[in-house]
Peer 1: 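I'd like to ask some things about the structure below.
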2 protein chains.
Amino acid sequence: MDSIDKKAAIKNVLIRYLDEHRHRKTPERFVILDKIYDIEGHFDIEYLYTKIREDGHTLSRATIYNSIEVFINCGLVQKHQFNTKQPLYEKSYFGKQHDHIIFTDTGEIKEFCDPRIQQIKNTVEDIFDIKIENHSLYFYGVKKNT
Amino acid sequence: MDSIDKKAAIKNVLIRYLDEHRHRKTPERFVILDKIYDIEGHFDIEYLYTKIREDGHTLSRATIYNSIEVFINCGLVQKHQFNTKQPLYEKSYFGKQHDHIIFTDTGEIKEFCDPRIQQIKNTVEDIFDIKIENHSLYFYGVKKNT
DNA sequence: TTCATTGCAAAGCGTTTGCAGTCAC
DNA sequence: GTGACTGCAAACGCTTTGCAATGAA
């Protein structure tokens, strides 16, 4: 699946969600989602806003805040609270599920995957009789100076 | 070990940390730490501030912000960013290590322990050649309506 | 037509900062 | 004595809100 197919598929996820929830399919929402899916890695609202304005679109920060809330609710975007003061976001569709390591000295962030987190999730779901929709796992540490 | 012993032990952890880092042992720091260890569960700065003032101590919010930073650095307090807008804190000594489940509909928070998180931690430490000092794992979900 | 959504600017509010005064060492 | 720490209030900055205008359905 190439980049254009992916964009189309993502757009469809949004359309389906908006339809189901009787929300309007405004052009702003599609522009914002499109730009988010151009960004690799983590970003903050200001970066996204600047990027959209640079591309000649005029829309307000308020709309970005609104829209990103929608995207989080339909699973297209994830919000992270690392140890920065404001939250960072990242697209979360078609990407491999991953967790984060935060280096407490440099602020650098790395990603990793471990299947055992799924097993823990399953256990917790059984024990508490709940449905887990999402998780976040952060390790905080420093590089060994070997 | 009874409650008084625990308080004394915690105080010693702080004293050792302050000595090692050439920080001053101000009365405010001890008052704040003491109050934190009276609180069961999660709390925010405002709650802590009110509690301390109610007990007749006069100290400022700024000092609480400062002190809590110190406590986090010496492992006596943990800071959580759930899906509330401001962070919540909790004491983290003598307490069993635990992770959190956040109910996205009600906002309720539950705690659980799973030893496999330790195993993941060990693996990640080996693979990345790092020392992990801390972690946080949050599951977001809803109760099954059975 | 209707009302959800947008845009702008103002307001909100938890946190940080500046600085004078204090006190741990 | 001295400089780290405190207290107060002002400043900060990200986010939310109010409200009139817009446009999706």
Side-chain angles (χ1 to χ4, degrees), chain A residues 11 14-36 42-53 55-74 77 79-89 107, chain B residues 11-12 14-36 42-74 77 79-90:
Chain A
K11 196 174 165 183
L14 178 58
I15 289 172
R16 205 173 313 131
Y17 177 86
L18 294 175
D19 277 340
E20 279 172 9
H21 292 75
R22 303 284 133 78
H23 291 150
R24 291 184 180 173
K25 295 181 273 297
T26 65
E28 289 80 5
R29 286 173 172 163
F30 292 105
V31 167
I32 297 169
L33 186 63
D34 194 73
K35 290 302 156 203
I36 287 176
H42 308 113
F43 61 90
D44 60 20
I45 298 288
E46 201 53 32
Y47 177 81
L48 178 58
Y49 177 74
T50 306
K51 199 162 184 305
I52 289 170
R53 303 290 285 211
D55 285 12
H57 297 95
T58 50
L59 47 75
S60 71
R61 263 173 269 257
T63 302
I64 295 185
Y65 279 103
N66 278 334
S67 302
I68 218 156
E69 200 60 33
V70 172
F71 304 152
I72 289 168
N73 288 333
C74 61
V77 169
K79 181 176 182 176
H80 295 292
Q81 190 67 53
F82 298 119
N83 54 353
T84 50
K85 54 181 70 167
Q86 88 246 40
L88 296 181
Y89 303 84
Chain B
K11 196 174 165 183
N12 282 334
L14 178 58
I15 289 173
R16 204 175 312 130
Y17 177 85
L18 294 174
D19 277 340
E20 278 170 10
H21 292 74
R22 302 288 130 77
H23 291 152
R24 293 185 176 169
K25 295 182 275 294
T26 65
E28 288 80 5
R29 285 172 174 166
F30 291 104
V31 167
I32 297 168
L33 185 64
D34 194 72
K35 291 301 157 205
I36 288 176
H42 308 112
F43 62 90
D44 62 18
I45 298 290
E46 203 52 31
Y47 177 81
L48 178 58
Y49 177 73
T50 305
K51 202 163 182 304
I52 289 170
R53 303 290 285 210
E54 276 173 0
D55 284 11
H57 296 94
T58 49
L59 47 74
S60 72
R61 262 173 269 257
T63 302
I64 294 184
Y65 280 103
N66 278 334
S67 301
I68 217 155
E69 199 61 31
V70 171
F71 304 152
I72 290 168
N73 288 333
C74 59
V77 169
K79 182 177 181 175
H80 295 291
Q81 190 67 53
F82 298 120
N83 54 353
T84 50
K85 53 181 71 167
Q86 88 246 37
L88 296 180
Y89 302 85
E90 75 181 317

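Every chain is numbered from 1, with letters handed out A, B, ... down the list of sequences.
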Peer 1: Do the ring planes of H42(A) and H80(A) sit parallel (below 30°), tilted (30 to 60°) or perpendicular (above 60°)?
Peer 2: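 It falls in the perpendicular class, over 60°.
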Peer 1: Take the protein atom OH of Y65(A) and the nucleotide atom P of dA9(C), then report the distance between them rounded to whole Å.
Peer 2: 16 Å
Peer 1: Kindly say whether H57(B) contributes a backbone atom to a donor-acceptor pair with the side chain of E54(B) at under 3.5 angstrom?
Peer 2: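 No; zero donor-acceptor contacts below 3.5 Å.
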Peer 1: Taking all atoms of both residues into account, what is the closest heavy-atom pair of L59(A) and R53(A), and its distance?
Peer 2: O-NH1, 2.9 Å
Peer 1: Is there side-chain contact between T26(A) and T63(A), with at least one heavy-atom pair below 4.5 Å?
Peer 2: no
Peer 1: To the nearest 0.5 Å, how far apart are CG in D44(A) and CD in Q86(A)?
Peer 2: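 Output value for this atom pair is 4.5 Å.
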Peer 1: If we only count heavy atoms from C-beta on, is the R61(B) to E46(B) side-chain gap below 4.5 Å?
Peer 2: yes
Peer 1: On DNA chain C, check which nucleotide each of K79(B) and S67(A) is closest to and give me the residue with the more 5' one.
Peer 2: S67(A)
Peer 1: Go through residues 47-61 of chain B and report each residue with a non-hydrogen atom lying under 4.0 Å from DNA chain D, sorted by number.
Peer 2: T58(B), L59(B), S60(B)
Peer 1: Once you round it to whole Å, what is the distance between P of dG12(C) and CD of Q86(B)?
Peer 2: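 After rounding, the reported distance stands at 17 Å.
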Peer 1: Going 5' to 3' along DNA chain D, which are the first and last nucleotides with any atom under 4.0 Å from a heavy atom of chain B?
Peer 2: dG3(D) to dC8(D)
Peer 1: What is the distance, to the nearest angstrom, from the CD1 atom on I64(A) to the P atom on dT5(C)?
Peer 2: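 Distance, rounded to whole Å: 17 Å.
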Peer 1: Rounded to the nearest Å, what distance is computed from the NE2 atom of residue H80(B) to the C1' atom of nucleotide dG14(C)?
Peer 2: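 So the two atoms are 19 Å apart, to the nearest Å.
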Peer 1: Any salt bridge linking D34(B) with K11(B)? Criterion: basic side-chain nitrogen under 4.0 Å from a carboxylate oxygen.
Peer 2: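 K11(B) and D34(B): not salt-bridged.
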Peer 1: Kindly give the heavy-atom pair with the smallest separation between Y49(B) and S60(B), and that separation in Å.
Peer 2: CE1-C, 4.1 Å
Peer 1: At a heavy-atom distance below 4.0 Å, what parts of residues 18-31 of chain A sit against DNA chain C?
Peer 2: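 Within this stretch, H23(A), R24(A), T26(A), E28(A), R29(A) sit under 4.0 Å of the strand.
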Peer 1: About how many Å separate CZ of F71(B) and CG of L33(B), when rounded to the nearest 0.5 Å?
Peer 2: 4.5 Å
Peer 1: Is I68(B) close to Y89(B) at the side-chain level, that is, under 4.5 Å between some pair of heavy atoms?
Peer 2: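 Y89(B) reaches I68(B) side chain to side chain.
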Peer 1: Closer to the 5' end of DNA chain D via nearest nucleotide, is it N66(B) or K85(B)?
Peer 2: N66(B)
Peer 1: Just the rounded figure in Å: distance from P of dT6(C) to CD1 of I68(A).
Peer 2: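 Atom-to-atom, I68(A) to dT6(C), this comes out as 13 Å.
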Peer 1: Please report the shortest heavy-atom distance between R24(A) and L18(A), naming the atom on each side.
Peer 2: O-CD1, 3.8 Å
